[in-house]
Colleague: 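The structure under discussion is supplied below as structure tokens; questions concerning it will follow.
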Amino acid sequence: MRPIGTLSTTVFLASVVICCCFAVNSVGDGVTVEEAKVLRDEVHEMFYHAFDGYMKHAFPLDELIPLSCGGEDSLGGYALTLIDSLDTLALIGDDGQFSYAVEWIGKNLRFDINKMISVFETTIRVLGGLLSAHLIASDYAKGMRVPSYENQLLYLAEGLGRRMLPAFETPTVFEQVTKNAVHGLWARRSKLNLVGAHINVFTGEWTQKEAGIGTSIDSFYESLLKASAASKLSSPSLLSSILERCNLI
């Protein structure tokens, strides 16, 4: 049996599907229309290999364990892969699966649970997924409107957002503003001028000290560049200093 795609595979394919679906009408240099169609169909098959595997072996748990074909609640216990796949299902025109997912989530998903979660992952995948699916499911113009939909995803998103607000009210400076978060992280760098991947916002202690450019820490460097371009950090020397230290990695 081939390993079934994981949550990361599904998320990655969502981006690939977007490119390939539009490639048919906007073909890049060196790619013919027929080649673009083949690539589109391959991505379509890959997505359903991952999604169907999750629905068969892991749903309603968060994600699939590929080798054992079992499921686990890894990021909160709210059918994360299903929520994460909503916009992709709409994008490829699967109105049946999209409608089923929207209705199931509206009837079964609840956030009144006591769980340790990742605020970052929950914000971009769950809160973002619910809001984007709400816009799709409630708009006739997008061609994917769910007849029975009555803003259930919007209400869930609002409830989730309110529950996460306390995460931005901690004794440290990390959640006040992006600039303070950058200063707070950088002040806690190692003697080698490197930062870790996870930090406890209550104690200021690193809970994952490995430095690199992989999961979690990649967002620090990404957000640093975006924030600098968008708001012009008041301390350009800090930005320059951090970027110089990137060479250490």
Colleague: If you count every heavy atom of other residues, nucleotides or ligands that lies below 6.0 Å from Asp112 atom CG, does the total exceed 12?
Modeller: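 Atom CG in Asp112 is packed in, count exceeds 12.
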
Colleague: Do Asn200 side-chain atoms and Thr203 backbone N/O form a donor-acceptor pair below 3.5 Å?
Modeller: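 Pair found, side chain donor or acceptor close to backbone of Thr203.
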
Colleague: Give the minimum heavy-atom separation between Glu35 and Thr32, together with the two atoms involved.
Modeller: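 Taking Glu35 first and Thr32 second, the nearest heavy atoms are OE1-N, 2.9 Å.
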
Colleague: Is Ile105 close to Leu86 at the side-chain level, that is, under 4.5 Å between some pair of heavy atoms?
Modeller: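 Yes, at least one pair of side-chain atoms sits under 4.5 Å.
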
Colleague: Which atoms form the tightest heavy-atom contact between Leu153 and Ala133, and what is the distance?
Modeller: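 Smallest interatomic distance, heavy atoms only, reads CD1-CB, 3.6 Å.
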
Colleague: Kindly compute the distance separating OH (Tyr100) from CG (Leu89), expressed to the nearest 0.5 Å.
Modeller: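 It is 12.0 Å, given to the nearest 0.5 Å.
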
Colleague: Check side chain to side chain donor-acceptor pair (under 3.5 Å) between Ser148 and all other residues, then give those that pass, not counting sequence neighbours.
Modeller: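 If we apply the side chain to side chain donor-acceptor pair (under 3.5 Å) test to Ser148, skipping adjacent residues, the hits are Glu103.
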
Colleague: So, for Ala167 and Val119, which heavy atoms are closest and what is the spacing to 0.1 Å?
Modeller: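 Between these two residues, the closest heavy atoms are CB-CG2, 3.6 Å.
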
Colleague: Considering only residues two or more places apart or on different chains, which pairs with a residue in residues 127-137 satisfy salt bridge (charged side-chain N to carboxylate O under 4.0 Å, His left out)?
Modeller: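 Passing the test, one end in residues 127-137: no pairs.
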
Colleague: Keeping Asp84 on the side-chain end and Leu80 on the backbone end, is there a donor-acceptor pair under 3.5 Å?
Modeller: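 It does not hold such a pair.
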
Colleague: In sequence, state the C-alpha distance, the side-chain angles, and the governing distance for Gln97 and Phe51, and then conclude on side chain to side chain contact (heavy atoms under 4.5 Å, CB included).
Modeller: CA-CA 10 Å; Gln97 281 281 19; Phe51 181 75; 3.8 Å; yes

Colleague: Roughly how far, to the nearest 0.5 Å, is the CD1 atom of Ile65 from the CD atom of Glu72?
Modeller: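 Separation between the atoms: 4.0 Å.
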
Colleague: Is any side-chain heavy atom of Trp206 closer than 4.5 Å to a side-chain heavy atom of Ser190?
Modeller: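 They are not in contact (no side-chain heavy atoms under 4.5 Å apart), so the answer is no.
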
Colleague: Whether the side chain of Ser132 engages the backbone of Gly129 through a donor-acceptor N/O pair (distance < 3.5 Å, no angle test) should be reported.
Modeller: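 Yes, the answer is positive, given that a donor and an acceptor are paired below the 3.5 Å cut-off.
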
Colleague: Answer whether the closest heavy-atom distance between the side chains of Phe111 and Thr122 falls below 4.5 Å.
Modeller: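 No, every pair of side-chain atoms sits at 4.5 Å or beyond.
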
Colleague: Mind checking side chain to side chain donor-acceptor pair (under 3.5 Å) for Asp95 and listing every partner two or more places apart, or none if nothing turns up?
Modeller: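 Here no residue qualifies.
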
Colleague: Under a 3.5 Å distance rule, please check whether Arg189 uses its side chain to pair with a backbone N or O of Trp186 as donor and acceptor.
Modeller: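 Looks like yes, one N/O pair under 3.5 Å.
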
